J.: 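Have a look at the structure that comes next, please.
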Amino acid sequence: MLEAIRNNVRVLGQLLGQTIAIEKGDEWVDKIETVRHLSRDVVNADQQALATLKELFAKTNEQDMLVYARAFSQFLNLSNIAEQQYTVSEQGLAELDLAHPLEALQAKLGKIDAEAFKKALDKLHVELVLTAHPTEVNRRTFIHKYHQIALELEENPNDTSRIAELIEQAWFTNEIRNERPTPLDESRWGLDVIADSLWTAVPKFIRELDEVAEKITGSALTLDYAPITMASWMAGDRDGNPFVTAKLSEQALLNARLRAAELYLQDFKELYLELSMNNANDALLLADIDNIGPYRHQLKQVIKSLENTIDTLSDGNTAGAIESKDALLAPLYRCRESLLDHGLTRIANSGLLDLIRKVHCFGISMVKLDIRQHSERHNQAMTEITEALGIGNYETWTEAERVEFLLAELNNNRPLIPNVEFSPDVQEVLDTYAMIARQPKEILGIYIISMASEVSDVLLVALLQKATGVSWDMPVAPLFETLDDLNNAPKVMANLLDINEYVARCHEKHYVMIGYSDSAKDAGVLAATWGQYTAQEALVDVFESRDIELKLFHGRGGTIGRGGGPANAAIASQPPGTLSGGLRVTEQGETIRYKFGLPNLAVRSLHLYASAILESLVTPPPRPKASWRALMDKMAEQSCLQYRSYVQDKPDFVRYFRQATPEQELSSLPLGSRPSKRRADGGIESLRAIPWIFAWSQNRMVVPSWLGLGQALADNLSNHTLMEEMLEQWPYFNSRISLTEMVYLKSEPLVASLYDDALVEDSLRSLGKELRLQLRNDEETVLKLLGQSQLMQRDQWNLSSFELRQPYLLPLHVMQIEALQRLRDNPEHPIYEQLLMVTMAGIATGMRNTG
């Protein structure tokens with residue numbers, strides 16, 4: 001790792017040590033240093049140091065262990081901050097040789113055809129969908145402090161006084177929340193991310209994109225160009241979360257509108273101070289009846305409207321509040337037209353243009369709220385309706401009978417829902433649709449159907465919208481999650497789009513959501529990603545044959561096992577044609593902070609997204625050759641069989657998993673608002689994919705992100721030449737192997753064995769040994785394929801970055817094992833629970849992508 005960043009990390013560590021000494025004395029700093037040196041020795045294969053470290057913590061009381069845990073956890077957070085700031089600083093960009101993504105794109109593509117680039121720009125649309133993370137344990141107050149530290153590193157690198165103060169604030173604040181956050185808390189956190197970072201980053205990004213567009217195409221981007229928009233699942237995702245109700249979603253929408261109005265008020269007031277000129281066209285001069293200046297008169301009307309909106313929404317009402325972005329845009333357009341009429345181009349294309357673009361991207365609510373519900377809840381609702389109408393039990397009908405009924409009712413204008421008392425669950429479903437009907441269209445996103453598998457799942461949502469008075473065609477996205485559902489998705493969508501009555505409501509486009517989490521949990525990472533790839537290919541063909549725009553929504557998580565990884569690599573590995581309808585993708589929990597937590601970091605992340613998409617649109621990736629496809633089909637099947645041979649077929653696997661990881665403790669800790677299981681009495685099939693993967697990352701086995709893949713490669717190494725060709729020519733395969741290499745780096749068999757030795761009963765430990773042996777063999781296979789002697793040989797930055805964290809991660813693992821032992825002997829012990837959460841937070845921070 002470069003010396004400059006090591007110096008920053010060293011300075012932050014020293015400031016943390018000075019802060020700890022204020023409370024605990026210098027002797028505690030020495031104790032922490034002793035642990036760090038022991039841990040470093042363990043990383044260097046010193047077995048005696050490991051024994052000493054284990055014995056030390058075994059004899060340490062929980063209060064003292066909490067001090068150790070907080071120290072190492074906070075250091076890892078500070079290390080992340082130093083890295084993030086450095087990678088977007090001028091010094092970091094130069095020393096790491098990180099070119100501006102758009103400049104690198106121009107150099108890579110060479111002479112670009114202006115018309116082709118313009119068409120790509122027209123298709124460029126990224127919708128970031130913020131989702132809550134059930135394992136994001138850092139409080140918002142800490143996220144704010146870390147944000148401030150990063151800004152200080154950027155703006156005042158030689159003056160550490162403010163940084164020292166912020167570190168003191170952090171140390172003397174309880175970093176772990178005492179109560180489980182509500183969905184509204186999570187929603188507010190999402191709004192904070194936008195307000196703190198993206199609110200300024202998005203217009204800056206578009207301004208830089210505008211410069212590139214004009215250089216290549218000869219014309220600037222249009223005023224309404226909105227390549228980046230925002231949506232949110234926070235307080236809208238009710239699948240398996242009983243705390244998300246219609247009333248709560250409505251409050252979240254109101255909060256978002258209020259926060260947006262407050263931000264716009266500040267922007268309009270700043271613009272009011274800027275636009276003091278009197279040179280204006282006749283329309284503005286005549287309108288200036290209060291004689292405060294033609295431009296200021298236009299802005300004053302909006303300022304009054306925003307102030308009224310804030311007062312109204314603050315009282316919990318919406319009557320009289322701004323309902324459309326047009327109310328903000330119209331006066332801005334008038335001002336800009338007048339400025340251009342008088343040759344004031346610089347003023348017209350500065351803050352005023354930024355605000356116009358901001359309104360187009362963020363609307364009146366900053367984010368559009370998506371609504372997500374499980375298909376079973378819709379079926380239950382329709383069953384109660386049909387039974388109340390005396391026409392039978394909807395859930396017992398065949399698929400053909402359901403489709404016939406739904407189409408008939410979609411074409412029938414009579415009221416469908418009888419005036420009867422429904423069960424609470426069904427009433428809540430109907431209340432949600434009624435809530436949608438009351439909202440301005442532009443503050444809502446799309447309606448996602450979890451576990452969609454049939455045409456009727458989509459038609460039913462359309463009918464419920466109609467029956468509850470939703471006056472516009474809210475886009476519906478079936479979410480295909482399991483491997484079987486992914487394989488069946490093209491057929492389902494083909495049958496759906498062959499129904500003319502339904503296609504009429506689609507307005508020539510339709511969303512389809514691809515599930516990464518459950519497909520990987522169901523079939524393993526290789527079979528899942530290949531299933532996702534082939535499903536998308538087939539969906540492109542289905543939609544092109546019907547001349548309907550396919551808008552894919554990617555339900556990616558933060559981890560490799562949930563479709564996560566570097567955005568540019570993920571985009572480059574998409575099948576040809578899948579980006580023509582734009583990119584809609586979930587950004588979750590701590591990955592939001594890592595990608596968008598700082599304004600400059602957010603700008604760079606947006607550039608990486610945009611450059612990767614533009615490159616794929618201008619020069620689409622190759623379609624896989626028949627030989628590539630045949631090998632992938634074979635390896636996907638083999639990897640799935642091996643993955644399921646463990647996860648589904650070994651009768652003791654669930655017991656082993658729950659003993660060897662903190663999974664069983666997750667549900668009792670005040671982490672995210674959502675329960676960790678869909679059903680309280682289920683096994684792995686009922687466990688949400690995020691806790692499933694999070695638990696494995698905590699003990700460093702990260703099983704869901706590699707199991708099955710390496711063995712499939714090993715079984716086919718006779719095709720080594722073909723694999724080398726795939727690595728060189730096929731972005732999908734190259735990305736998959738690269739991500740797996742990162743997984744192996746972050747796994748640690750030694751740490752996993754410590755969990756087994758301390759927490760797993762003797763009869764189950766053989767399972768852990770099998771997995772660790774498989775992991776070592778798989779790693780050797782990938783190194784052989786890549787022709788490397790060590791992992792990440794071609795990515796020294798990420799290698800050294802993770803190596804820096806290793807001595808700080810190990811003590812947290814040893815302490816977590818102690819906490820789990822003590823907590824399992826003394827359930828619900830508050831200090832042990834707090835210790836467990838601090839170690840979880842620290843490990844998650846050190847691993848960087850955890851769930």
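What you see is a predicted model; the values in this text were computed from it and never measured.
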J.: Is it true that, when you exclude D547 itself, more than 12 heavy atoms of the residues, nucleotides or ligands shown sit nearer than 6.0 Å to its CG?
T.: no
J.: Could you tell me whether E270 atom CD has more than 12 heavy atoms of other residues or ligands within 6.0 Å of it?
T.: yes
J.: So, H147 side chain and G597 main chain: donor-acceptor pair closer than 3.5 Å or not?
T.: yes
J.: For a quick check under 3.5 Å, do N80 and Q84 share a side-chain donor-acceptor pair by atom type?
T.: no
J.: Mark yes or no for whether K325, through its side chain, and V359, through its backbone, hold a donor-acceptor pair below 3.5 Å.
T.: no
J.: What's the spacing between T619 OG1 and L105 CG if we round to 0.5 Å?
T.: 8.0 Å
J.: Once rounded to the nearest 0.5 Å, what's the spacing between atom CG of L606 and atom CD1 of I228?
T.: 4.5 Å
J.: Tell me whether D473 contacts the main-chain N or O of H507 through its side chain, where contact means a donor paired with an acceptor under 3.5 Å.
T.: no
J.: Looking only at side-chain N and O atoms, does T182 offer a donor or acceptor that is under 3.5 Å from a partner on D185?
T.: yes
J.: Please name the pair of heavy atoms, one in I364 and one in A260, separated by the smallest distance, quoted to 0.1 Å.
T.: O-CB, 3.4 Å
J.: Return yes if a side-chain donor-acceptor contact under 3.5 Å exists between Q148 and E152, otherwise no.
T.: no
J.: Under the 3.5 angstrom rule, does the side chain of S611 hit a backbone N or O of L608 as a donor-acceptor pair?
T.: yes
J.: Is it true that a side-chain atom of D370 and a backbone atom of I446 form a donor plus acceptor pair closer than 3.5 Å?
T.: yes
J.: Report yes or no: do S249 and R238 form a side-chain donor-acceptor pair below 3.5 Å?
T.: yes
J.: In Å and rounded to the nearest 0.5 Å, what is the NZ to CD1 distance from K358 to I206?
T.: 10.5 Å
J.: I'd like to know if E250 and R438 make a salt bridge, using a cut-off of under 4.0 Å between side-chain N and carboxylate O.
T.: yes
J.: Salt bridge check, R357 against D210: does any charged N sit closer than 4.0 Å to a carboxylate O?
T.: yes
J.: Is it the case that the side chain of R296 and the backbone of E274 share a donor-acceptor pair, with hydrogens and angles ignored and the cut-off at 3.5 Å?
T.: no
J.: Determine, using ring centers only, whether Y511 and Y447 are less than 6.0 Å apart.
T.: no
J.: Could you walk me through whether E442 and K368 pass the salt bridge (Lys or Arg N to Asp or Glu O under 4.0 Å) test, one step at a time?
T.: CA-CA 7 Å; E442 66 178 70; K368 294 185 176 184; over 6 Å; no
J.: With rounding to the nearest 0.5 angstrom, report the CD1 to CG distance, I443 to L253.
T.: 4.5 Å
J.: Below 6.0 angstrom between ring centroids: does that apply to H297 and Y272?
T.: no
J.: Can you label the angle between the Y333 ring and the H360 ring as parallel, tilted or perpendicular, going by 30° and 60°?
T.: tilted
J.: Can you measure from CG (L284) to SG (C335) and round to the nearest 0.5 angstrom?
T.: 5.5 Å
J.: Does K204 pair with D354 as a salt bridge, N-O distance under 4.0 Å?
T.: no
J.: Kindly say whether P575 contributes a backbone atom to a donor-acceptor pair with the side chain of T578 at under 3.5 angstrom?
T.: yes
J.: Check the side chains of N281 and E337 for a donor-acceptor pair under 3.5 angstrom, ignoring hydrogens and angles.
T.: no
J.: Between S338 and R334 (side chain of the first, backbone of the second, donor and acceptor by atom type, cut-off under 3.5 Å), is there such a pair?
T.: no
J.: Could you tell me whether R188 and D192 make a salt bridge, using a distance below 4.0 angstrom between a side-chain N and a carboxylate O?
T.: no
J.: What do the steps show when you test R584 against E127 for salt bridge (Lys or Arg N to Asp or Glu O under 4.0 Å), and what is the final call?
T.: CA-CA 5 Å; R584 197 176 204 265; E127 185 150 46; 2.9 Å; yes
J.: Are any side-chain N or O atoms of T309 and backbone N or O atoms of I322, one a donor and one an acceptor, separated by less than 3.5 Å?
T.: yes
J.: Supply the atom-to-atom distance S365 OG to L313 CG, rounded to the nearest 0.5 angstrom.
T.: 11.0 Å
J.: Whether the S219 and E214 side chains hold a donor-acceptor pair (N or O, under 3.5 Å, no angle test) is what I'd like checked.
T.: no
J.: Assess the side chains of E208 and H607: does a donor N or O sit below 3.5 Å from an acceptor N or O?
T.: yes
J.: State whether a side-chain donor-acceptor pair under 3.5 Å links H125 with T229.
T.: yes
J.: Under the salt bridge (Lys or Arg N to Asp or Glu O under 4.0 Å) rule, what do E615 and K108 come out as? Steps first, then yes or no, please.
T.: CA-CA 9 Å; E615 180 181 353; K108 188 173 184 180; 2.9 Å; yes
J.: For K118 and E115: C-alpha separation, side-chain torsions, deciding distance, then whether salt bridge (Lys or Arg N to Asp or Glu O under 4.0 Å) applies.
T.: CA-CA 5 Å; K118 187 176 185 307; E115 190 59 33; 5.7 Å; no
J.: Donor-acceptor pair, distance only, cut-off 3.5 Å: does the side chain of D288 make one with the backbone of I292?
T.: yes
J.: Pick out which of F596, F205, F362 makes a ring pair (Phe, Tyr, Trp, His ring centres under 6.0 Å) with W199.
T.: F362
J.: Does E155, at its CD atom, have more than 12 non-hydrogen atoms belonging to other residues, nucleotides or ligands within less than 6.0 Å?
T.: yes
J.: Which atoms form the tightest heavy-atom contact between P599 and S197, and what is the distance?
T.: N-OG, 3.4 Å
J.: Among side-chain atoms of R336 and N349, is any donor-acceptor pair under 3.5 angstrom?
T.: yes
J.: Compute whether any side-chain donor of one residue and acceptor of the other, for R257 and Q439, lie under 3.5 angstrom apart.
T.: no
